[in-house]
Amino acid sequence: KRGRQGRKRMICPVCQGAGRNPQDNHCQACYTALWKDARRVARRAKKMNDIWPTGHRQADLRRFTEEVFNVGKPCLNGQYNCGEESYRHNVSRNRRCTRCRTKACIQIL
């Protein structure tokens, strides 16, 4: 798809909204949500004197995925398996599952 000025429009791979981040096309909402969750996990690890990341990308990503479910809002249905329709950009904020959106962001990494 093309935008007004003839440039190719970026689509967020997670919520299908207007992408903005030039590196991975994430929209501002998905990028910010992932960043906030990463910050929460880091604060929690610091409180517990838990040192990581270790430098092993796959292991750290797996660990982050596990840890992110212990901070912030829980999944709306409690199962952490909401479909794309639960975090699309056009879903109202009070019905959007931010935890499963974060999970989808991580899977794209």
Side-chain angles (χ1 to χ4, degrees):
K1 292 183 176 181
R2 299 268 175 201
R4 280 190 210 145
Q5 298 170 347
R7 290 181 290 182
K8 188 175 180 183
R9 259 195 299 186
M10 292 185 270
I11 302 294
C12 178
V14 177
C15 72
Q16 306 304 308
R20 295 193 179 182
N21 187 328
Q23 292 177 332
D24 56 15
N25 293 345
H26 279 93
C27 69
Q28 189 66 40
C30 291
Y31 182 83
T32 301
L34 185 59
W35 178 253
K36 283 182 177 181
D37 286 336
R39 192 171 56 200
R40 286 182 186 125
V41 167
R43 281 186 193 149
R44 185 166 187 239
K46 186 177 180 181
K47 272 186 186 178
M48 298 172 76
N49 290 325
D50 191 4
I51 300 171
W52 69 286
T54 62
H56 301 287
R57 186 173 188 271
Q58 290 302 323
D60 289 340
L61 202 52
R62 197 174 319 113
R63 172 108 187 256
F64 173 72
T65 304
E66 293 167 5
E67 293 291 328
V68 80
F69 295 114
N70 297 322
V71 297
K73 296 179 184 178
C75 171
L76 290 180
N77 73 12
Q79 302 294 316
Y80 297 100
N81 62 357
C82 296
E84 284 183 25
E85 64 281 352
S86 67
Y87 50 80
R88 286 240 195 243
H89 73 285
N90 56 356
V91 174
S92 66
R93 285 182 180 222
N94 60 345
R95 292 185 47 220
R96 191 178 302 154
C97 184
T98 56
R99 196 57 39 220
C100 288
R101 176 177 63 188
T102 296
K103 182 181 174 183
C105 287
I106 294 168
Q107 288 172 342
I108 289 173
L109 294 176

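- Listed for the Ser86 side chain is a donor-acceptor partner under 3.5 Å among the backbone atoms of Gly83.
- In the hydrophobic clustering of this structure, Tyr87 groups with Ile108; members are Ile, Leu, Val, Met, Phe, Trp, Tyr whose side-chain heavy atoms approach within less than 4.5 Å, directly or through other members.
- Among all heavy-atom pairs drawn from Phe64 and Leu34, the shortest one is CE2-CD1, 4.1 Å.
- At distances below 3.5 Å, not a single donor-acceptor pair connects side-chain atoms of Lys103 with backbone N or O atoms of Thr65.
- Across all non-hydrogen atoms, the minimal contact from Met10 to Asn25 is SD-OD1, 2.9 Å.
- Note on Arg63 versus Asp60: no salt bridge recorded, every NZ/NE/NH1/NH2 to OD/OE distance being 4.0 Å or above.
- One finds the SG atom of Cys15 at 9.0 Å from the CG atom of Asn90 (value rounded to the nearest 0.5 Å).
- Using a 4.0 Å cut-off between charged side-chain N and carboxylate O, Arg62 and Glu66 make no salt bridge.
- Taken from CD in Gln107 to OG1 in Thr102, the straight-line distance is 11.0 Å, to the nearest 0.5 Å.
- Criterion: ILVMFWY side-chain heavy atoms under 4.5 Å apart, direct or through other members. Under it, Val41 and Tyr80 are part of a common hydrophobic cluster.
- Here the closest heavy-atom approach between residue Ala104 and residue Val14 is recorded as CB-CG1, 3.8 Å.
- At a threshold of 4.5 Å between side-chain heavy atoms, the hydrophobic network of Ile, Leu, Val, Met, Phe, Trp and Tyr places Val68 and Leu61 in one connected group.
- A distance of 9.5 Å separates CZ in Arg101 from CZ in Arg99, rounded to the nearest 0.5 Å.
- Listed for the Arg96 side chain is a donor-acceptor partner under 3.5 Å among the backbone atoms of Val91.
- Within the model, atoms CG of Asn77 and SG of Cys82 stand 4.0 Å from one another, a figure rounded to the nearest 0.5 Å.
- Of the inter-residue distances, the one linking Glu85 atom CD with Cys100 atom SG reads 10.0 Å to the nearest 0.5 angstrom.
- From His89, atom NE2 reaches atom CD of Gln16 across 8.5 Å, with rounding to the nearest 0.5 Å.
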